[in-house]
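Numbering of ligands and ligand atoms starts at 1, following listing order. FYI, the numbering just counts along the sequence from 1. On a predicted model such as this, the values are computed, not experimentally measured, just so you know.
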Amino acid sequence: MRIILIGPPGAGKGTQCQRLLDLLAVPHLSTGEMLRNAVRQATPEGVAARQYMEQGQLVPDALIVGMVIKRLELADCRKGFLLDGFPRTLPQAATLDDLLERRAMSVDGVIELAVPREELVRRMTARRRADDNPEIFSNRIVSFEQQTAPLLDYYRRQKKLATIDGMGAADEIFQRIVASLADFGADEKRR
Ligand code: AMP
C-alpha cells in the first residue's frame, strides 16, 4: 500500500507511524528523518536545510522533492511505502502525483491525524526537542496551517482522505487508523 500520514506537530504521528509500519511491513519514508541525517552528515542538502529546520520553517520544495524522488526509486518502495512528513505543500503533492502516475501508480490513501491546536500546545509543553521551544513550535504549527492544511482538501477531492480523531489512547487511535485502511483497500478493489 502507498499511504501518506499527515498531522500537525505534536499530533502523535511518530507513535502511530511505528504501529502502522509494523502492520503494513512497508518502508518508512520520513522526510524529517532524511533531513536530520543530511544535517548530521553535513551534505549539501543538509547544509541548505539546516537554517529552515532550526526556525521551524519548511525547507524549499526543490530540496526535499529531490531527496524523496531518489528514495522512491529504490527497489524496496515497489511493495509500497508509508510517507511521513511528505508532502507538506501543494507543489510537493502535485510532484508526487506526477511521479507516481509516470510509473502507473497512485497514492492509495491519506490519513490525517486531527488534534485541536490547544491540545497540541499542551502536549508540546510536555516534550523536549531542539525545535520545540515555544516560538519555533508555533512556527511549525503556522507552517502546518498555512502550507500543509490545504493538502487535506486536495486529497479530499481525490476521495483519498481519512480524517482520524487523534484524541484518546494510542491504541484507540490506531484502531481508527486500521479501520480506515480497510476503506482504502475497498476503493482499490472497486477501481
Ligand atoms: P518532521 O520531523 O517531519 O517534523 O520534520 C522536521 C523538519 O524538517 C520540519 O520542521 C521542516 O523544517 C523539515 N521538513 C520535513 N519534511 C519536509 C517537507 N516535506 N517539506 C519541507 N520541509 C520539511
Side-chain angles (χ1 to χ4, degrees), residues 2-21 26-74 77 81-100 107 109-115 117 119-121 123-155 160-161 164 166 177:
R2 291 178 285 271
I3 305 286
I4 297 172
L5 187 59
I6 298 185
K13 268 193 309 140
T15 308
Q16 298 302 329
C17 211
Q18 199 45 58
R19 291 174 185 227
L20 257 176
L21 289 167
V26 291
H28 180 207
L29 273 51
S30 158
T31 46
E33 214 166 87
M34 289 177 203
L35 285 165
R36 281 187 290 276
N37 279 336
V39 169
R40 255 195 306 275
Q41 293 164 15
T43 65
E45 285 107 331
V47 171
R50 186 179 184 150
Q51 47 177 333
Y52 297 97
M53 295 172 73
E54 283 176 351
Q55 293 304 313
Q57 288 165 354
L58 297 187
V59 309
D61 286 338
L63 196 163
I64 192 64
V65 162
M67 293 176 84
V68 171
I69 289 177
K70 269 192 233 157
R71 182 65 188 88
L72 283 173
E73 276 165 358
L74 299 186
C77 288
F81 48 77
L82 177 62
L83 268 172
D84 167 13
F86 183 94
R88 258 178 155 103
T89 65
L90 283 171
Q92 290 179 17
T95 305
L96 177 66
D97 276 351
D98 283 353
L99 186 83
L100 293 176
V107 169
V110 178
I111 297 164
E112 172 200 4
L113 210 48
V115 174
R117 188 195 247 256
E119 172 67 10
L120 298 175
V121 172
R123 290 182 188 179
M124 186 275 301
T125 53
R127 283 180 17 169
R128 269 185 214 95
R129 230 174 81 170
D131 54 358
D132 270 353
N133 85 44
E135 189 193 340
I136 292 169
F137 185 80
S138 102
N139 286 348
R140 295 173 73 221
I141 294 192
V142 169
S143 298
F144 180 83
E145 289 173 347
Q146 295 185 346
Q147 293 168 277
T148 307
L151 290 187
L152 302 173
D153 262 343
Y154 176 88
Y155 288 117
K160 287 183 178 164
L161 185 72
I164 304 295
I177 293 178

(message) Per the salt bridge (Lys or Arg N to Asp or Glu O under 4.0 Å) rule, what does the pair list look like for residues 64-74, sequence neighbours excluded?
(response) E45-K70, R71-D76, E73-R103

If the cut-off is 4.0 Å to any non-hydrogen atom of [X], which atoms of ligand 1 fall inside it?
{"X": "L35", "answer": "8 (O), 13 (C), 14 (N), 15 (C), 23 (C)"}
{"X": "Q92", "answer": "18 (C), 19 (N), 20 (N), 21 (C)"}
{"X": "Q57", "answer": "11 (C), 12 (O)"}
{"X": "R140", "answer": "4 (O), 10 (O)"}

Can you confirm, on distance only, whether ligand 1 has an N/O atom lying under 3.5 Å from any N/O atom belonging to [X]?
{"X": "P87", "answer": "no"}
{"X": "D84", "answer": "no"}
{"X": "T31", "answer": "yes"}
{"X": "G56", "answer": "no"}
{"X": "Y52", "answer": "no"}

(request) Consider ligand 1: state whether an atom of it lies below 4.0 angstrom from any non-hydrogen atom of R36. (result)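 Yes; R36 lies near enough to ligand 1 that a heavy-atom distance drops under 4.0 Å.
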
(message) Is the shortest side-chain heavy-atom distance between L90 and Y154 below 4.5 Å?
(response) yes

Of all the heavy-atom pairs spanning [X] and [Y], show the shortest one and how long it is.
{"X": "P87", "Y": "I4", "value": "CD-CD1, 3.7 Å"}
{"X": "M53", "Y": "G32", "value": "CE-O, 4.4 Å"}
{"X": "L82", "Y": "V26", "value": "N-CG2, 3.8 Å"}

(request) Report yes or no: does R88 contribute a side-chain atom to a donor-acceptor pair with the main-chain N or O of G85 at less than 3.5 Å? (result) yes

(request) Answer yes or no: is there a donor N or O on one side and an acceptor on the other, between the side chain of R140 and the main chain of P9, under 3.5 Å? (result)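 Such a contact is absent between R140 side chain and P9 backbone.
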
(message) For L58, which part has a heavy atom under 4.0 Å from ligand 1: side chain, backbone, both, or neither?
(response)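 Under 4.0 Å from ligand 1, L58 contributes backbone and side-chain atoms.
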
(message) Please work out, at 4.0 Å between heavy atoms, whether the side chain, the backbone, both, or neither of I64 comes within that distance of ligand 1.
(response)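 Contact part for I64 vs ligand 1: side chain (C-beta onward).
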
(request) Using side-chain hydrogen bond (donor to acceptor under 3.5 Å, both in side chains) as the criterion, list what pairs up with Q92, not counting sequence neighbours. (result)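 Q92: side-chain hydrogen bond (donor to acceptor under 3.5 Å, both in side chains) contacts with D61.
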
(request) Give a yes or no on whether R19 atom CZ has more than 12 heavy-atom contacts from other residues, nucleotides or ligands under 6.0 Å away. (result)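 It does: R19 CZ has more than 12 such atoms within range.
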
(message) Considering R50, E54, R88 one by one, which has a heavy atom nearer to atom 1 (P) of ligand 1 than any of the others?
(response) R88

